Amino acid sequence: MDKWILIDGNSIAYRAFFAMPPLTNAAGLHTNAVFGFTTMLLKVLEEQKPTHVLVAFDAGKVTFRTESFAEYKGTRDKTPSELSEQFPLIKEVVKGFGIRQFELAGYEADDIIGTLTRLADEQGVETVVVSGDKDMLQLASDKVTIALTRKGVSETELYDPAAVHERYGLEPLQIIDLKGLMGDTSDNIPGIPGVGEKTALKLLHEFGTVEQVLERSNELKGKLKERVEENKDSALMSKKLATIFREVPLAEETGNFAYGGYEPAELAEVFVKLEFKSLIERLNLSAAGVVSSEPQKELTLLPVEIGDTAAREALEVALRQPGAFYLEAIGDNPHHAHLIGAAYAAEEGVYAMDADWLQSPDAEGFKAWLGDSQAPKIGCDLHRAELALISLGIHLQGVEFDIVLAAYILDPTATDQTISGIAARIGLPSVPTDESVYGKGAKFKVPGKEALYAHLASKADAVRGAAPLQRQQLEEQGMNHLYYELEQPLSGVLADMERQGISVDAESIRQLGAELEIRIKADMAEIYRHAGQEFNINSPKQLGEILFDKLGLPVMKKTKTGFSTDADVLEKLEPYHEIIPLILHFRQLHKLQSTYVEGLLKEIRQDSGKIHTYYRQTIAATGRLSSQFPNLQNIPIRLEEGRKIRKAFVPSEPGWFILAADYSQIELRVLAHISGDEGLTEAFTEDIDVHTKTAMDVFGVPQSAVDSNMRRSAKAVNFGIVYGISDFGLSQNLNITRKEAARFIDQYFEAFKGVRKYMDDIVLQARQDGYVTTLLERRRYLPEIGASNFNLRSFAERTAMNTPIQGTAADIIKLAMVKMQTRLKAEGLRSRMLLQVHDELVFEVHPDELETMKRLVPEVMESALELNVPLKTDVSYGANWYEAK
DNA sequence: TCTTTCACG
DNA sequence: ACGTACGTGAAAGAC
């Protein structure tokens, strides 16, 4: 069975160019579009396994379309030179893959593809068209599927005729009519002015084609009728321009684009020139023998075996010299990770040890070194290593530099924070990925000693190579303080908290579970009664069928796969059917049961009755922490039912207290500081309730006139401001129209002019620098800030507004944590810091220290960083986390 | 493995 | 005209 892939080369190149962050090779050649194009190609080849592949390109400016309409594509900006210089490279890549490419003077890529799909239809060949251009949907048929790229280029969405119908309610050929009516600004196709997608779809659903719309325009009313009648010619011409020409005189025989796979050596040559190291790695092209253009220094591997005294002594000497170590701990949860080996990269070579050695008496010297606070250490993910070493009775100390933490500070959004990813970014010799050495999922397997040594050595060597380069980058980017004074020390503080863990009373959770069990069963019975049948309420698919097919409730929102049944939708459906509140209630209880009762019980350690979470310091793009195994940053609080879970979080020693302190309005205080807005600053210096103050200024009323509804709206506006406001988002949140939301926002910015200026300035700054920063110089890159795609750009703009706020708040509490731990130790207190929940710290407190801690905790938190407005905390304590409210 | 839903700040 | 609030992690079902 043949399978054809037809790729719209120009469209994909454009998409790739705008979707990918800038990228150049050493010669200064831009390569981002080439890279995006290549990853798309690889993915399609892998997924579709085609027998024939062809990439079509536009040829020249003049086509039969410009002959009939000179302005066609007339408004399009000139292709940026950064992109046009990449076309020859893309063609080289295509050639390197051994894929046929084709262009024909006077025709565009779409026409070539359209003609080939006609052949595919005639001959009954399965075909996939890859493009970023919605116009292509007109080609969809039984045999022909259109793969449209979405966000980026390597992800695509497949459209067969049913999917086109699903999305637009149109047959594929009517896509042409759609364009005829609405036009296309990017191609300068006029359409009918004032008619956009909404109106065009409405017209087509009623009349079917452009011709019918024009013929029966007397059935239309008002402005729309006028516009249609005035622009009949324009509509017809637009339809003609949007019609893909499917009779291009192709001399092509289909055999000419048969695809037989690529020659590794040829592809490797192109990739080397482009410096696509990750792709060379991924395709294992180094084996093709072409890649060793720069002679790679062989690693000197120095295995340390049990009983080999000379090797052990050499290692112990090396440990006192500069070097870098790597510790391999297998498993996601570092508290239960399994040590399988270690390596130390020194001047003379890389020492490598396996698990047996680590557990033998030979390792005593190495272990002592790990615990020696006077022995400086350079390593990789030492926070994780520190936890993994607990089982060996080792308390890791003397951490000086961690390449994963540094990589996160240098670029928190980099997707690959593994050693091989870091090595690739920084330009070191490539390091095999863990997946390539260990396999993944069920196939995971630790290889034999030799392969393991080689892998660990390669990693330790990369750590040794990366550290000085990263230190230099941190220095250059003014991030020394952030790294050495904040993140690095915090890593140890987090490990302390995690090692300590928090005591959880299993019995009280079980009891809550038993109560929930009864109520869940009762809800289920009621729901089945209303539905008239039993079904899986947890299945969005089955629930959707019951609600919307069987009970005929109105569909509010759809997801990619069917009906949406989220809480937002259900709340709107409440008036329609008695089953709805039951489902909401069931969902709430079931969530508590599965995630919190059962989930937490699984995490309580039998021996100690404690839960030890794992804070991840290198995940969140804004600088926040995240928490896993289990997540203790999302324990219920908003609803009383769930809040009860907190009663199970108790002190680990009798008579002690749980004390919690949270920052009050830290994000809005940060905003007041960085924007310098007068009104907002005043709210905090005068200690007025900030939402009330916002309501007063937005609605222009005195404090006495602010009712709870006004305050609620003002609160939502404040949230919106912090998130990077959009009228749509606010309207969703408050369940009001977009217009009303827009008015609120206008009034807000009128009242808080300093905030408006900050929002405008930060977006400009992001556009100029390509990144935004927090008060402590934490940086987040926003490559999409200049995207031409509205969605991508808007998202980047909101992120530019939000990240300095959320990130600075994260900086502040992290500072407080480091200082807090120092103070607890310096003052010889027995109380311990246990948890962090973004703006809250939780402690267990010795009764004798209660008064001290009630004073010390807020003092440290409020003075963590001096702003132009005061920082404020609320402190409370009790016998458990619930009581500390 | 991906998608949907929902818990938190 | 575009189709959205910012940042996370876990459970369950669908594929």
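Proteins come first, then strands; the chains are lettered A, B, ... in the order of their sequence lines, and each starts at number 1. Just so you know, these numbers come straight off a predicted model, no measurement behind them.
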Exercise. Contact class for A:N733 (heavy atom, under 4.0 Å): base, sugar-phosphate, or nothing?
Worked result: base

For this session: Report yes or no: does A:T694 contribute a side-chain atom to a donor-acceptor pair with the main-chain N or O of A:A714 at less than 3.5 Å?
Result: no

Exercise. Using a cut-off of 4.0 Å on non-hydrogen atoms, how would the nucleic acid contact of A:K198 be classed: base, sugar-phosphate, or nothing?
Worked result: nothing

Exercise. Across the strands shown, which category fits A:A809 at heavy-atom distances under 4.0 angstrom: base, sugar-phosphate, nothing?
Worked result: nothing

Exercise. DNA chain C: A:S539 or A:T595, which has the more 5' nearest nucleotide?
Worked result: A:T595

For this session: For the residue pair A:F629 and A:Y614, categorise the inter-ring angle as parallel (less than 30°), tilted (30 to 60°) or perpendicular (more than 60°).
Result: parallel

Exercise. Touch check for A:R643, heavy atoms < 4.0 angstrom, all strands: base, sugar-phosphate only, or nothing?
Worked result: nothing

For this session: Calculate, to the nearest 0.5 Å, the distance between atoms OG and CE belonging to A:S675 and A:M759 respectively.
Result: 8.0 Å

Problem set entry | chain A footprint on DNA chain B, 5' to 3' - any atom under 4.0 Å from a heavy atom | B:dT3 to B:dG9

Problem set entry | Atom pair CD1/CH2 of A:I658 and A:W881 - distance to nearest 0.5 Å | 9.0 Å

Problem set entry | Pairwise C1' distance, C:dA5 and B:dC2 [rounded to whole Å] | 24 Å

Exercise. Among A:T808, A:T803, A:D811, which one satisfies side-chain hydrogen bond (donor to acceptor under 3.5 Å, both in side chains) with A:T774?
Worked result: A:D811

For this session: Would you kindly say whether A:R587 and A:T565 are connected by a side-chain donor-acceptor distance under 3.5 Å?
Result: yes

Exercise. Counting any heavy atom closer than 4.0 Å, what does A:T803 reach on the DNA or RNA strands: base, sugar-phosphate only, or nothing?
Worked result: nothing

Exercise. Which comes earlier along DNA chain C counting from the 5' end, the contact point of A:R167 or that of A:F629, where each point is its nearest nucleotide?
Worked result: A:R167

Exercise. Once you round to the nearest 0.5 Å, how far does OH of A:Y596 lie from CD1 of A:I635?
Worked result: 5.5 Å

Exercise. If you round to the nearest 0.5 Å, how far is NE2 of A:H838 from CG of A:D662?
Worked result: 13.0 Å

Exercise. Looking for any heavy atom pair under 4.0 Å, which part of the strands does A:S726 touch: base, sugar-phosphate only, or nothing?
Worked result: base

For this session: Would you give the length of the straight line joining atom OG of A:S234 to atom CG of A:L241, rounded to the nearest 0.5 angstrom?
Result: 9.0 Å

Exercise. Reckon A:V722 touches a base, only the sugar-phosphate, or nothing at all at heavy-atom distances under 4.0 Å?
Worked result: nothing

For this session: Pull out every residue in residues 631-639 of chain A that has a heavy atom closer than 4.0 Å to any atom of DNA chain B, ordered by number, or say none.
Result: A:Q633, A:N634, A:I635, A:P636, A:I637, A:R638

Exercise. NA contact type, A:Q628, heavy-atom cut-off 4.0 Å: base, sugar-phosphate, or nothing?
Worked result: sugar-phosphate

Problem set entry | Nucleotide interval of DNA chain C bounded by contacts with chain A (heavy-atom cut-off, under 4.0 Å) | C:dA1 to C:dC15

For this session: For A:A567, answer base if it contacts any base atom (sugar-phosphate contacts may also be present), sugar-phosphate if it contacts only those atoms, and nothing otherwise; contact means non-hydrogen atoms under 4.0 Å.
Result: sugar-phosphate

For this session: Applying side-chain hydrogen bond (donor to acceptor under 3.5 Å, both in side chains), name anything that partners A:K885, two or more places apart in sequence or on another chain.
Result: none

Exercise. Do the side-chain N and O atoms of A:D133 and A:S11 include a donor-acceptor pair separated by under 3.5 angstrom?
Worked result: no

Exercise. Among A:I509, A:L632, A:L834, A:N880, whose side chain to side chain contact (heavy atoms under 4.5 Å, CB included) with A:F649 holds?
Worked result: A:L632

Exercise. What does A:L730 touch in the nucleic acid at a heavy-atom separation under 4.0 angstrom: a base, only the sugar-phosphate, or nothing?
Worked result: base

For this session: Taking Watson-Crick and G-U wobble pairs with both distances under 3.5 Å, convert DNA chain C into its dot-bracket string, 5' to 3', dots for unpaired and | for cross-strand pairs.
Result: .....|||||||||.

Exercise. For A:G720, which contact category applies under a 4.0 Å heavy-atom criterion: base, sugar-phosphate, or nothing?
Worked result: base

For this session: Could you give the distance separating B:dC6 and C:dC2 at their P atoms, to the nearest angstrom?
Result: 28 Å

Problem set entry | Contacts of type ring-ring contact (aromatic ring centres under 6.0 Å, His included), residue A:H590, not counting sequence neighbours | A:F586

Exercise. Do the non-hydrogen side-chain atoms of A:I785 and A:E797 ever get within less than 4.5 Å of each other?
Worked result: yes

For this session: Select base, sugar-phosphate, or nothing to describe what A:A716 touches, counting heavy atoms under 4.0 Å on all strands.
Result: base

Exercise. Under 6.0 Å from the CZ atom of A:F749, do we count more than 12 heavy atoms belonging to anything else shown?
Worked result: yes

